[in-house]
Amino acid sequence: MPMKRRNLLKGAAALGVLSSLPGRAPAAPRSGGHVRVAMGHGGSSDSYDPATYANNYIQAQTYGRNNMLTEIAPDGGLRGELAESFEASADAKTWRFKLRKGVTFHNGKTLTAEDIIASINYHRGENSKSAVKALVEPVVDLRRDGDWVVFDLEAGNADFPFLFADYHFAIFPSADGEIDFSQGVGTGGYMIKSFEPGIRTELVRNPDYWKADAAFFEEIELLSVLDATARVTALTTGEVDIADKIDPKTGPLVSRAPGVNMMETAGAQHFTFAMDTRQGPFNDANVRLALKYGVDRQELVEKILGGYGSVGNDHPIPRSNIFFNADLEQRAFDPDRARFHLKQAGLDELSVELHAADAAFTGAVDAATLYRESAGGSGIDIRVVREPNDGYWKNVWMQKPWTAVYWSGRPTADWMFTTAYAADAKFNDTFWHNDRFNELIVAARAELDDARRREMYHEMQAIVRDDGGAVIPMFASYIAATRDTVGRPDVIGDNFDLDGLRFVERWWLV
């Protein structure tokens, strides 16, 4: 029985609203032109391997060259991409996706159901190292049924189609059940002209793209520019047309630059300080609580975000999500409580290292320094270790015991928790395990009653807040800027920066 769209969309976050954009170019798409984009991510370890995608740069490249089964629309809803339509059984344990016809890969191969199956199976294998392996582990059978691809799940999942909008689930050409991603060949609006990891990607428009109202640029140049000042300079001098991750401290200056338009989008993006809960002293929940009470969240929002955001409550679900726990007491800066929890841990004082680089998020090093100052009055000595930007995600994140991290968030609560907090999640960057939480994540995913589901997600947020290994002091609006030669729709997505990172096919030059 098909699942009604109303019920499906209940599982999505009610995403944020685009701020006003004075001076924005008219919403009248036209084709042509070469656009240059300075992005604050990218590294020498980036590759076409979909199991490894870990930053906005490679994600944007992927959305240019590949399509997925589904797509999160600018309004936050879900629509089919390579799936023309999708439907579920009454218990949401079987999902059927109808394959779109007439789609070809850049190499001329016609898209088939076997390509879909092989691309998804790449993340399911027993030896898979994919970051999204946990998301598809509940799939017990994946098969073709005529023009349909059918998934049988071990339990119901009302949010299941949202998963396949994720960039990791890019669809590649296959042969004998194996995908070939070696050349970055996809069905997307752009083809790879050149790719220098950590430096530059050149994309050219796919003349046979199946979407008639997308992929307007003739060429796209994606530049990895990790230094925030360099990105702003490149934008204001006209060397690039688009720049992301604008430092809030320079926002007013950028907004006054001739020919430049600022963009602010509120969404699920949040910044964290992730502790490895396997290692002392972070294996003690009281130490974790002491550190959570030792940070002045409002100060970080004001000084690091320039007010472009809101305080966090040590869990990753944003206020816009329909399952956000508004009854959970907001944690505030409290040196006395911090000292209390140190005492509970048997400590009079604490000395720890916090590793940070602005590759984690713009202002991460300054945020760590402010954290050090606020925690100092609680008997906590935070020694800030400034790490190199290049290689941060490979050599520091999930390698050092306590690190600065950014998370773009996910469209559903289940997706966010499954990606970063489930015990077996590849990106569980706190290496945290809580039996009750892991029971709830499975139960909530299969629960079709929204009221009961809400109760479970509320409890999960409380568990993460009070026991988890992530200090989550702030949710940050996305701040980007463009030259006034760049056009974009009136409504843009906020599931990721830059129109859900779909700017590559949704924006144009005027």
Exercise for the section: Nearest 0.5 Å please: distance from the CZ atom of Phe105 over to the CG atom of Asn67. Expected result: 9.0 Å
Problem - Over all atoms of both residues, closest heavy-atom pair of Phe271 and Pro473 - result: O-CD, 3.2 Å
Problem - Worked check of salt bridge (charged side-chain N to carboxylate O under 4.0 Å, His left out) between Glu221 and Arg200 - result: CA-CA 7 Å; Glu221 191 174 359; Arg200 168 187 286 104; 2.6 Å; yes
Completion exercise
Closest non-hydrogen atoms of Trp507 and Pro489, given as atom of the first, atom of the second and distance, are CD1-CD, 3.7 Å
Practice task
Give a yes-or-no answer on whether the side chains of Ser89 and Asp91 include a donor-acceptor pair shorter than 3.5 Å.
Solution key: yes
Handout entry: Distance (rounded to the nearest 0.5 Å) between Asn206 CG and Thr104 OG1
Key = 6.5 Å
Practice task
Any chance you could measure Leu222, atom CG, to Arg36, atom CZ, to the nearest 0.5 Å?
Solution key: 13.0 Å
Practice task
Spell out, as yes or no, whether a donor-acceptor pair under 3.5 Å connects the side chain of Arg231 to the backbone of Met39.
Solution key: no
Exercise for the section: Using modelled atom types only, decide if a donor and an acceptor are shared between the side chain of Arg319 and the backbone of Phe324 within a distance under 3.5 Å. Expected result: no
Problem - Heavy-atom pair with the smallest gap, counting every atom of Asp358 and Ala364 - result: OD1-N, 3.1 Å
Handout entry: Thr412/Phe323 under side-chain contact (heavy atoms from CB on, under 4.5 Å): CA gap, chis, key distance, verdict
Key = CA-CA 9 Å; Thr412 69; Phe323 294 124; over 6 Å; no
Problem - Thr403 and Tyr392 side chains, donor-acceptor separation under 3.5 Å - result: no
Exercise for the section: Carefully, step by step, assess Tyr190 and Phe217 under the rule ring pair (Phe, Tyr, Trp, His ring centres under 6.0 Å). Expected result: CA-CA 9 Å; Tyr190 293 90; Phe217 303 117; 7.0 Å; no
Problem - Check: Arg65 side chain, Gly188 main-chain N or O, donor-acceptor pair, under 3.5 Å - result: no
Handout entry: Check: Ile472 main-chain N/O paired with Asp314 side-chain donor or acceptor under 3.5 Å
Key = yes
Problem - Leu111 side, atom CG; Ile171 side, atom CD1 - distance, nearest 0.5 Å - result: 7.5 Å
Handout entry: Any donor-acceptor N/O pair, Asp115 side chain to Thr112 backbone, under 3.5 Å
Key = yes
Practice task
Look at atom NZ of Lys129 and say whether more than 12 heavy atoms of other residues, nucleotides or ligands are closer to it than 6.0 Å.
Solution key: no
Exercise for the section: Report yes or no: do Asn389 and Asp227 form a side-chain donor-acceptor pair below 3.5 Å? Expected result: no
Problem - Side chain Asn428, main chain Ala422, donor-acceptor under 3.5 Å - result: yes
Exercise for the section: Output yes when Arg445 and Glu137 qualify as a salt bridge under the 4.0 Å nitrogen-oxygen rule, no when they do not. Expected result: no
Practice task
Could you walk me through whether Asn55 and Asp46 pass side-chain contact (heavy atoms from CB on, under 4.5 Å), step by step?
Solution key: CA-CA 9 Å; Asn55 63 68; Asp46 289 342; 3.0 Å; yes
Exercise for the section: Compare every heavy atom of Ala134 with every heavy atom of Asp424, then report the nearest pair and how far apart it is. Expected result: OD1-CB, 4.4 Å
Exercise for the section: Over 60° means perpendicular and under 30° means parallel, so classify the ring planes of His270 and Phe475, tilted if in between. Expected result: tilted
Exercise for the section: Could you tell me whether the side chains of Ser174 and Glu114 share a donor-acceptor contact shorter than 3.5 Å? Expected result: no
Practice task
Indicate yes or no for a side-chain donor-acceptor contact from Thr70 to the backbone of Ala165 under 3.5 Å, with no hydrogens or angles considered.
Solution key: yes
Problem - Heavy-atom side-chain proximity of Asp497 to Gln269 below 4.5 angstrom - result: no
Exercise for the section: Would you give the length of the straight line joining atom CZ of Arg488 to atom CG of Asn261, rounded to the nearest 0.5 angstrom? Expected result: 5.5 Å
Problem - Side-chain donor or acceptor of Asp414 paired with backbone N/O of Thr418 under 3.5 Å - result: no
Practice task
Would you please test Glu71 and Arg100 for salt bridge (charged side-chain N to carboxylate O under 4.0 Å, His left out) and show each step?
Solution key: CA-CA 13 Å; Glu71 175 185 1; Arg100 191 177 298 277; over 6 Å; no
Handout entry: Side-chain touch Trp148/Glu87, heavy atoms, less than 4.5 angstrom
Key = yes
Problem - Residue pair Ile116 / Phe97, side-chain heavy-atom distance below 4.5 Å - result: no
Exercise for the section: Using modelled atom types only, decide if a donor and an acceptor are shared between the side chain of Gln461 and the backbone of Asn325 within a distance under 3.5 Å. Expected result: yes
Practice task
For residues Tyr167 and Leu501, determine if any side-chain heavy atom of one lies less than 4.5 Å from a side-chain heavy atom of the other.
Solution key: no
Exercise for the section: For the residue pair Asn66 and Tyr48, confirm or rule out a side-chain donor-acceptor distance under 3.5 Å. Expected result: no
Handout entry: Residues Asp141 and Arg143 bridged, charged N to O under 4.0 Å
Key = yes
Problem - Lys109 atom NZ, over 12 foreign heavy atoms within 6.0 Å - result: yes
Problem - Heavy-atom side-chain proximity of Asn56 to Lys245 below 4.5 angstrom - result: yes
Problem - Parallel, tilted or perpendicular: ring planes of Trp393 versus Tyr406, cut at 30 and 60 degrees - result: perpendicular
Practice task
Using a strict cut-off of less than 4.0 Å between a Lys/Arg side-chain nitrogen and an Asp/Glu carboxylate oxygen, indicate whether Asp159 and Arg410 qualify as a salt bridge.
Solution key: no
Practice task
Take the angle between the ring planes of Tyr63 and Phe496 and call it parallel below 30°, perpendicular above 60°, tilted in between.
Solution key: tilted
Problem - Beyond-backbone contact of Thr419 with Trp407, side-chain heavy atoms, under 4.5 angstrom - result: yes
Handout entry: Full working for side-chain contact (heavy atoms from CB on, under 4.5 Å) between Arg483 and Val260
Key = CA-CA 5 Å; Arg483 302 292 303 179; Val260 172; 3.5 Å; yes
Exercise for the section: Would you please indicate yes or no on a ring centroid separation below 6.0 angstrom for Phe181 and Tyr122? Expected result: yes
Practice task
Measure the shortest side-chain to side-chain distance between Ser182 and Phe172 over non-hydrogen atoms and say whether it is less than 4.5 angstrom.
Solution key: no
Exercise for the section: Report yes if some heavy atom in the side chain of Leu78 is under 4.5 Å from a heavy atom in the side chain of Phe86; otherwise report no. Expected result: yes
Handout entry: Over all atoms of both residues, closest heavy-atom pair of Ala470 and Thr430
Key = N-CG2, 3.8 Å
Handout entry: Between OG on residue Ser130 and CD1 on residue Ile120, distance to nearest 0.5 Å
Key = 10.0 Å
Exercise for the section: Give me the one residue out of Trp95, Phe151, Trp415 that meets ring pair (Phe, Tyr, Trp, His ring centres under 6.0 Å) with Phe164. Expected result: Phe151
Practice task
Taking atom types as modelled, find out whether Arg205 and Ser31 have a side-chain donor-acceptor pair closer than 3.5 angstrom.
Solution key: no
Practice task
Kindly say whether Thr52 contributes a backbone atom to a donor-acceptor pair with the side chain of His168 at under 3.5 angstrom?
Solution key: no
Practice task
Check step by step if side-chain contact (heavy atoms from CB on, under 4.5 Å) holds for Met460 and His315.
Solution key: CA-CA 9 Å; Met460 293 163 73; His315 69 76; over 6 Å; no
Fill in the blank from the handout: In terms of heavy-atom contacts, Met456 and Leu440 come closest through CG-CD2, 3.8 Å
